[in-house]
Amino acid sequence: LATFNSNITSDNIHSICVDSRNNLWVGTYYGGLFMKRSGSNEFRRFVADGSPRNPLTTNNIYTVFQDSRGNLWVGTQYGGLYRYDYSRGRLERFVHESLNHSFVWDIHEDRAGDIWIACYGGGIWRLSSAENHSPLKIETPARNFVTLCELRDGRILAGTEKEGLVAINPLTLEVEWINKSTGLPDKTVYGILQDDN
């Protein structure tokens with residue numbers, strides 16, 4: 001994917017997603033969000049231009065994620081969370097007072113279909129699929145979350161910048177904080193992967 005022949009206006013790419021319709025989504029830093037429909041050669045650009053058709057409030061896109069129900073979620077730097085409405089061909093802001101200006105760094109769907117949001121400086125949020133994605137903030141000792149992973153036992157692991165690792169039981173919402181004093185070799189966790197062992 002080369003900027004010079006694709007009409008993507010930023011080389012600083014933070015996320016890539018291919019949705020269930022084979023559309024390619026590219027989230028960039030400073031350049032906005034780009035979408036290339038299957039079979040097309042050109043990208044459509046979504047930018048923070050103040051128009052009702054493009055409700056983005058920032059051009060810094062950190063994560064693009066499609067859930068199992070076909071919802072396409074877009075997380076921004078201090079612009080909150082958005083969903084793409086396929087029927088209308090437009091982004092719509094996921095309005096919640098505490099999330100509106102959040103720095104959404106990562107998005108994950110758990111096995112129950114709930115959506116987890118990792119916010120840098122804003123903590124962890126769970127959007128309940130059974131309650132029309134009603135948001136619930138999970139109280140933790142950390143705030144600067146950057147990555148999410150679901151373990152085989154169902155726990156959600158959340159990595160932070162300079163605040164260690166948090167394990168959340170999604171049924172009880174009990175939180176375990178793992179940091180250097182409890183054996184973590186470093187207090188910053190940018191990526192998590194559970195292996196076969």
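Small disclaimer: the values here were computed from a predicted structure and weren't measured. Here, residue 1 is the first one in the sequence, and each next residue gets the next number.
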Q: Look at the aromatic rings of Phe43 and Phe34 and report parallel, tilted or perpendicular, splitting at 30° and 60°.
A: perpendicular
Q) Distance-only, no hydrogens or angles: does the Glu92 side chain make a donor-acceptor pair with backbone N or O of Tyr84 under 3.5 Å? A) no
**Q.** Gap between atom CG of Asp19 and atom CG of Asn71 - 0.5 Å precision
**A.** 11.5 Å
Q) Is there a donor-acceptor contact under 3.5 Å from the side chain of Asn132 to the main chain of Ser134? A) no
Q: Using the rule that two of Ile, Leu, Val, Met, Phe, Trp, Tyr join whenever any of their side-chain heavy atoms come within less than 4.5 Å, decide whether Phe65 and Ile16 are in one cluster.
A: no
Q. Can you check whether Trp73 and Phe94 have ring centres sitting under 6.0 Å from each other?
A. yes
Q: Carefully, step by step, assess Thr76 and Tyr82 under the rule side-chain contact (heavy atoms from CB on, under 4.5 Å).
A: CA-CA 8 Å; Thr76 69; Tyr82 296 80; 3.7 Å; yes
Q | Rounded distance (nearest 0.5 Å) linking atom CG of Leu33 with atom OG of Ser15 | A | 7.5 Å
Q: Answer yes or no: are there more than 12 heavy-atom neighbours, outside Arg44 itself, under 6.0 Å from its atom CZ?
A: yes
Q: If the plane angle is over 60° it's perpendicular, under 30° parallel, otherwise tilted; pick one for Tyr120 and Phe103.
A: tilted
(Q) Quick check for you: to the nearest 0.5 Å, what is the distance between Asp110 atom CG and Glu150 atom CD? (A) 5.0 Å
Q) Under the 3.5 angstrom rule, does the side chain of Arg126 hit a backbone N or O of Pro170 as a donor-acceptor pair? A) yes
Q: Taking Thr147 for its side chain and Gly159 for its backbone only, find out whether a donor-acceptor pair lies under 3.5 Å.
A: no
(Q) Please tell me whether Asp114 and Ser129 have a donor and an acceptor in their side chains that are separated by less than 3.5 angstrom. (A) yes
Q. Please walk me through it: do Leu148 and Ile156 pass side-chain contact (heavy atoms from CB on, under 4.5 Å)?
A. CA-CA 7 Å; Leu148 296 165; Ile156 302 295; 4.2 Å; yes
**Q.** Expected output: side-chain Asn54 to main-chain Leu56 donor-acceptor under 3.5 Å
**A.** no
Q) Can you tell me how far CG of Leu157 sits from CD1 of Ile178, rounded to the nearest 0.5 angstrom? A) 6.5 Å
Q: Please examine the side chains of Ile117 and Pro135, heavy atoms only from C-beta on, and report whether any two atoms are closer than 4.5 Å.
A: no
Q.
Working to the nearest 0.5 angstrom, can you tell me the gap between Trp177 CH2 and Ile168 CD1?
A. 13.5 Å
Q. Does atom OH of Tyr86 have more than 12 heavy-atom neighbours from other groups under 6.0 Å away?
A. yes
Q: Would you check if Leu91 and Pro55 make a side-chain contact, meaning some heavy-atom pair closer than 4.5 Å?
A: yes
Q: Would you check if Val47 and Thr9 make a side-chain contact, meaning some heavy-atom pair closer than 4.5 Å?
A: no
Q) Is there a path from Ile107 to Leu72 through hydrophobic residues (I, L, V, M, F, W, Y) whose side chains come within less than 4.5 Å of each other? A) no
Q) Roughly how far, to the nearest 0.5 Å, is the OG1 atom of Thr140 from the CD1 atom of Ile124? A) 6.5 Å
Q. With a 3.5 Å cut-off and no angle check, do the side chains of Tyr190 and Glu161 form a donor-acceptor pair?
A. yes
Q) Does the side chain of Val175 reach to within under 4.5 Å of the side chain of Ile138, using non-hydrogen atoms? A) yes
Q. Between Ile192 and Leu184, is there a shared hydrophobic cluster once you connect ILVMFWY residues whose side-chain heavy atoms come closer than 4.5 Å?
A. yes
Q. In terms of the angle between their ring planes, are His96 and Trp125 parallel, tilted or perpendicular, with boundaries placed at 30° and 60°?
A. perpendicular
Q. Do Lys187 and Glu163 sit within salt-bridge range, that is, some charged N less than 4.0 Å from a carboxylate O?
A. no
Q: Indicate yes or no: does Asp153 engage Arg155 in a salt bridge with an N to O separation below 4.0 Å.
A: yes
Q: Apply the test side-chain hydrogen bond (donor to acceptor under 3.5 Å, both in side chains) to residues Asn12 and His14: give CA-CA distance (whole Å), side-chain angles for both, the deciding distance (0.1 Å), then the verdict.
A: CA-CA 7 Å; Asn12 195 336; His14 279 253; 3.1 Å; yes
(Q) Below 30° counts as parallel, above 60° as perpendicular, anything between as tilted: where do the rings of Tyr62 and Tyr29 land? (A) perpendicular
Q) Who pairs with Arg152 by side chain to side chain contact (heavy atoms under 4.5 Å, CB included), at least two apart in sequence or on another chain? A) Gln194
(Q) Take a 6.0 Å sphere around CG of Asp195 and say whether it holds more than 12 heavy atoms from other residues, nucleotides or ligands. (A) yes
Q) Between the main-chain N or O of Gln77 and the side-chain N or O of Asn60, is there a donor-acceptor pair closer than 3.5 Å? A) no
